Amino acid sequence: MPEPPVTQEIIAAHQLTHEEYKRASAILGREPTLTELGIFSVMWSEHCSYKSSKVHLQTLPTSGPRVLQGPGENAGVVDLGDGLAAVFKVESHNHPSYIEPYQGAATGVGGIIRDIFTMGARPIALLNSLRFGPLTEARNRYVMSGVVGGISGYGNAVGVPTVGGEVGFAECYSHNPLVNVLCVGIAPIDKLFFARAGGIGNPVIYVGAKTGRDGIHGATMASETFDEKSEERRPTVQVGDPFREKLLIEACLELMRTDALVGIQDMGAAGLTCSSCEMASRGGTGVEIDIRLVPRREEGMTPYEVMLSESQERMLLVARQGAEATVREIFAGYDLDAVVVGRVTGDGVMRVRDGERVVAEIPVKGLVADAPVYQRPAVRPAWQDEVQHLDVDTIPLPRDYGEVLLQLLASPAIACKAMVWERYDHMLFLNTVVGPGADAVVLRLKGTDKGIALATDGNGRYTFLDPFTGGMIAVAEAARNVVASGAEPLAITNCLNFGDPTRPEIMWQFAEAVRGMAAACGALQTPVTGGNVSLYNETMGKAIFPTPIVGMLGVLDHISHTTTPAWKEAGDMVVLLGETREELGGSEYLKVCHGLVQGRPPAMDLDLERRVQRCCLEAIRGGVVRSAHDCSDGGLAVALAEGCISDPENQIGIDVSLPETLRPDALFFGESQSRMILSLREAGLTRLQAIADHHGVVVTPLGRTGGSRLICRGRTVNIDIDLAELDRVWRGSLPASFGQE
Amino acid sequence: MRFGIVVFPGSNCELDCHWVVQNVLGQQADLIWHKENTLKDYDCLILPGGFAHGDYLRTGAIARFSPIMAAIEDHARRGGLVLGICNGFQVLCEAGLLPGALLRNTSLNFICRPVHVRVDSTATPFSAACTQGQVLCVPINHNEGRYYCDAETLAHLRDNDQVIFRYVSPEGKASDAANPNGSLDNIAGVCNEQRNVLGLMPHPERAAEELLGSTNGLLLFESILSYGRAASLTRG
């Protein structure tokens with residue numbers, strides 16, 4: 001069947017600009033066929049090509065002594081020592097999750113898992129960073145329930161535990177939720193695999209589920225803003241099959257234990273197109289595929305549809321010549337298809353045949369390396385000064401500080417998320433030493449004395465108010481979380497969620513946030529190993545808060561260094577590391593109690609940040625620290641409350657006295673950065689002071705643990721609340737939003 | 001003792017069971033793929049947790065037809081020990097090796113968290129190392145854990161002391177509040193009439209190391225080991 005001619009309407013429907021179409025024609029030396037147009041359109045979509053973000057991403061530090069693989073592969077790889085590597089990456093599935101929350105989130109989980117085992121690593125854990133609109137709206141509750149259900153349904157059944165993450169809320173996410181999923185796997189350093197098509201004549205083998213018409217143009221959909229008709233796009237969201245993915249994981253890992261495999265990549269966004277030409281690009285080769293050989297579950301699919309389908313749970317691999325039978329045999333053991341669909345060629349061309357007929361013939365370099373790159377205009381928005389302006393003197397001081405604390409603990413951003421993570425299997429593989437709910441998760445590394453720690457973080461409100469500072473804080477806070485758990489931060493993966501990059505103010509937010517992240521990654525020596533950019537997060541012309549999400553990986557030299565936020569015993573001293581300034585801008589307190597998203601976010605001094613983190617880590621490693629907690633959302637008062645109640649088996653009160661050197665609301669609820677709360681035995685205080693002096697960090701004793709109340713004494717501040725009341729409010733808030741007791 | 005751990009496509013707790021048997025208990029353990037139809041001479045078979053065949057249909061409904069099932073039934077008939085954990089329990093019920101069925105949790109949600117269970121009978125090879133009425137803290141991890149059987153079967157289970165574990169409060173009281181999934185009579189685990197096949201929803205392998213929060217689950221494995229030692233003494 002001949003393909004329909006390429007008309008102006010068809011070009012426009014493929015979201016290619018006039019210049020891009022001309023560029024594609026120039027690469028081909030002729031007008032593209034419909035299949036070729038489809039291939040150009042997905043490969044040059046924002047999602048696959050990073051055309052708007054590339055120039056900025058190149059400024060991020062990406063190398064370091066522990067980085068084995070930086071950006072450009074399916075995932076980043078970090079050396080953990082002992083011959084082990086951590087393979088990790090975060091990716092977004094925002095757009096599909098708004099259109100179809102359950103399947104959108106589920107297939108997001110499936111996609112990121114494939115990126116990890118593709119590299120030869122067994123995926124051992126998932127984390128997710130979620131943002132929703134306020135739960136007072138039914139639609140947002142529906143989206144959140146669906147997303148959590150999808151993560152639970154897919155993650156649990158595929159057999160990769162969801163060990164942590166975070167959930168945030170703001171109006172701007174009402175029509176554009178964020179679903180960022182991070183996966184980490186562990187591999188022996190000498191058994192890593194890469195997505196490269198090497199060896200001319202080697203067979204290209206398709207494995208996994210059959211191809212259907214689902215998800216055609218998912219990548220282009222993810223590169224558009226939304227309007228009222230977005231729900232009509234439901235058919236572009238795929239349906240996940242975690243059972244098949246589980247089989248695919250086991251079959252691929254088994255194949256990797258043989259010497260049959262040359263290169264492998266999952267078929268995610270842009271399916272067969274992206275996997276085949278990216279592998280050829282990295283291998284410096286060409287690839288030829290006959291779409292008639294591709295296993296299908298629908299009849300009458302055109303070459304265009306086969307090449308662009310985003311059916312899930314499929315992988316493309318290149319095997320050694322002669323190893324075809326080995327591959328087939330291993331996959332047959334799991335009742336999975338493994339079909340030779342093409343060959344690696346030496347001519348640098350991606351050639352797609354439908355039997356004898358050639359339907360696409362494109363130089364790989366043209367699709368990948370020569371994809372458009374834009375230096376888009378970036379302009380600081382006129383309204384930025386306005387939102388940064390905050391006259392604190394107009395903010396009335398609270399009458400009852402205890403009441404404010406309860407309000408903050410009930411705020412969905414701060415409230416206990418157990419109702420979310422209890423739906424996730426977070427214990428599988430017997431590695432979870434610290435699970436969800438703490439600053440970072442800690443997983444032991446079996447066969448060693450070590451552990452890894454992981455945290456995700458990113459404050460959209462801060463980044464909205466000041467993108468540069470917000471970018472820095474996202475990195476710094478994630479690192480601080482990892483340090484609080486007893487680990488040394490090693491490297492990050494990031495997911496950059498922003499609006500429409502063709503709008504100069506959005507591009508300015510992006511550039512500034514990346515500049516902030518680059519500064520923080522440099523100062524904290526945590527290079528970027530990869531990640532994902534999600535643009536066009538807008539609905540009806542309104543963008544989300546610019547939300548860079550950082551996934552930080554750290555290593556614990558010894559698993560016995562594991563530290564959690566909760567007090568351990570009555571009679572311990574509680575101290576604050578770092579300093580509190582009069583900073584209320586962008587705080588949860590301003591938002592919750594005064595209805596304001598206003599001011600400058602707290603300042604970030606990267607040198608101080610590094611010193612505070614080093615001080616804390618040295619104190620933990622020295623055995624001085626019994627609990628450690630990052631002091632962030634909701635400030636000191638919330639951090640102290642969490643120290644009291646976060647361990648349901650061992651709740652211990654505290655009695656704090658603080659001189660009111662600042663506005664008392666800033667002292668108790670301000671979110672000054674580079675602060676941590678530690679508890680320790682009194683005998684350890686001298687040692688801690690010595691370590692802090694060495695790092696030039698201020699230690700302020702706050703009080704002592706004990707009793708069953710949280711008491712803060714001051715001149716005007718007088719909080720005195722029973723822990724049972726704190727616990728009831730903190731644990732009960734989220735279930736109550738969903739009408740549960 | 002020799003343990004065999006049965007792996008269905010979609011099982012996912014097999015490596016955890018293997019880890020505990022081999023690294024915590026120091027015993028031998030093999031993984032057995034479901035397509036096998038013979039079994040070596042194992043003392044105890046474990047059917048681990050997971051989602052056998054995806055469990056898109058009723059849990060365990062396809063697994064019961066796996067080639068390995070006939071050999072498992074034979075092993076059980078000859079008095080060999082069979083321990084079904086979570087999905088393994090569901091498969092054993094579906095295969096008729098244990099009475100009753102596991103329905104969807106009353107909350108309609110998947111639940112993963114530690115719960116308290118009371119040992120209501122120590123008269124099995126799986127619970128002999130516990131004390132009667134002892135409360136154990138062991139995690140559950142399931143979407144379909146609501147134990148159900150008809151009134152006659154329930155009466156029979158009670159008369160024969162076949163209810164081995166019940167969900168209780170930390171103080172040991174069986175109540176609706178302590179019942180995480182709506183199980184009939186707060187049942188968390190039952191054995192067969194011969195008492196050599198046990199199924200339970202909580203995961204004892206997830207409570208076998210101090211580092212991970214609880215060692216209460218080890219009592220089940222230690223019970224099995226003492227039973228094995230006694231059996232080999234009798235044989236020897």
Side-chain angles (χ1 to χ4, degrees), chain A residues 122 124 145 148-149 151-163 241-251 332-336 418-437 442-444 446-447 451 559-560 562 647-649 735 738 740-741, chain B residues 7-20 22-24 31 33-35 48-57 59 62 86-87 105 107-116 137-144 170 177 180 202-203 205-214 217:
Chain A
R122 175 172 284 281
I124 62 160
S145 299
V148 170
I151 292 169
S152 162
Y154 199 102
N156 299 345
V158 78
V160 181
T162 302
V163 296
D241 178 354
F243 173 58
R244 194 161 309 265
E245 176 122 328
K246 167 72 177 167
L247 299 179
L248 202 53
I249 296 175
E250 300 303 332
Y334 295 92
D335 300 316
L336 292 173
M419 74 166 283
V420 173
W421 46 257
E422 282 182 355
R423 294 182 64 182
Y424 307 147
D425 180 353
H426 51 272
M427 303 175 184
L428 185 67
F429 298 146
L430 308 182
N431 296 325
T432 313
V433 177
V434 179
V442 176
L443 307 174
R444 69 156 158 198
K446 290 201 190 98
I559 197 70
S560 64
T562 304
D647 179 359
E649 306 292 315
F738 284 86
Q740 298 165 17
E741 275 177 29
Chain B
V7 185
F8 298 97
S11 294
N12 59 32
C13 298
E14 71 275 14
L15 296 176
D16 296 0
C17 291
H18 192 266
W19 169 266
V20 169
Q22 199 149 290
N23 296 63
V24 181
L31 296 173
W33 186 233
H34 77 121
K35 287 184 182 174
F51 293 74
H53 296 275
D55 277 347
Y56 294 130
L57 206 55
T59 56
I62 297 178
C86 195
N87 191 227
N105 301 341
S107 67
L108 302 181
N109 283 336
F110 192 97
I111 308 168
C112 176
R113 63 177 164 88
V115 298
H116 293 92
C137 182
V138 182
I140 55 167
N141 184 63
H142 59 247
N143 199 39
E144 284 94 4
H203 285 256
E205 83 280 12
R206 294 186 177 194
E209 292 172 88
E210 205 54 67
L211 181 65
L212 304 180
S214 166

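So that the names make sense, note that chain A is the first sequence line, chain B the second, and so on, each numbered from 1. Bear in mind that the values here come from a model prediction, so they are computed numbers and not experimental data.
- A pairwise comparison of heavy atoms in B:Cys112 and A:Tyr424 identifies CB-O, 3.2 Å as the closest pair.
- Residue contact with chain A, scored on non-hydrogen atoms closer than 4.5 Å, is absent for B:Ser107.
- Pairing each heavy atom of A:Pro242 with each of B:Tyr56, the nearest pair is CD-OH, 3.0 Å.
- For a residue to count as touching a neighbouring chain, one of its non-hydrogen atoms must lie under 4.5 Å from one of that chain's; by this rule A:Asp241 touches chain B with backbone and side chain alike.
- Minimum heavy-atom separation, B:Leu212 to A:Thr432: CD2-O, 3.6 Å.
- Summarising the geometry, atom NE2 belonging to B:His53 is positioned 9.5 Å from atom CG belonging to A:Leu247; distances are rounded to the nearest 0.5 Å.
- With rounding to the nearest 0.5 Å, the separation of SG in B:Cys13 from CG in A:Asp425 is 6.5 Å.
- Residues B:His203 and A:Leu428 form no side-chain contact, since every pair of their non-hydrogen atoms from C-beta on lies 4.5 Å or further apart.
- For B:Pro180, no part lies near chain A; criterion is any non-hydrogen pair under 4.5 Å.
- Heavy-atom pairs under 4.5 Å with chain A peak, among B:Arg206, B:Arg113, B:Glu205, at B:Arg206.
- Residue A:Gly333 comes nearest to B:Lys35 through the heavy atom pair O-NZ, 3.1 Å, listed as atom of the first residue, atom of the second, then distance.
- For the set B:Asn143, B:Val20, B:Asn141, B:Leu15, the count of heavy-atom pairs under 4.5 angstrom toward chain A peaks at B:Asn141.
- Taking the side chain as every heavy atom from C-beta outward, B:Pro9 and A:Tyr334 never approach each other to under 4.5 Å.
- Between chain B and the options A:Arg244, A:Lys446, A:His426, the largest number of non-hydrogen pairs under 4.5 Å is found for A:Lys446.
- Using a 4.5 Å cut-off between heavy atoms, B:Leu211 touches chain A through backbone and side chain atoms alike.
- Looking at every heavy atom in both residues, A:Leu430 comes nearest to B:Trp19 through CD1-CD1, 3.8 Å.
- Atoms CD and SG, from A:Glu649 and B:Cys137 in turn, are 6.5 Å apart once rounded to the nearest 0.5 Å.
- Counting all heavy atoms, side chain and backbone alike, A:Asn156 lies closest to B:Phe51 at O-CE1, 3.2 Å.
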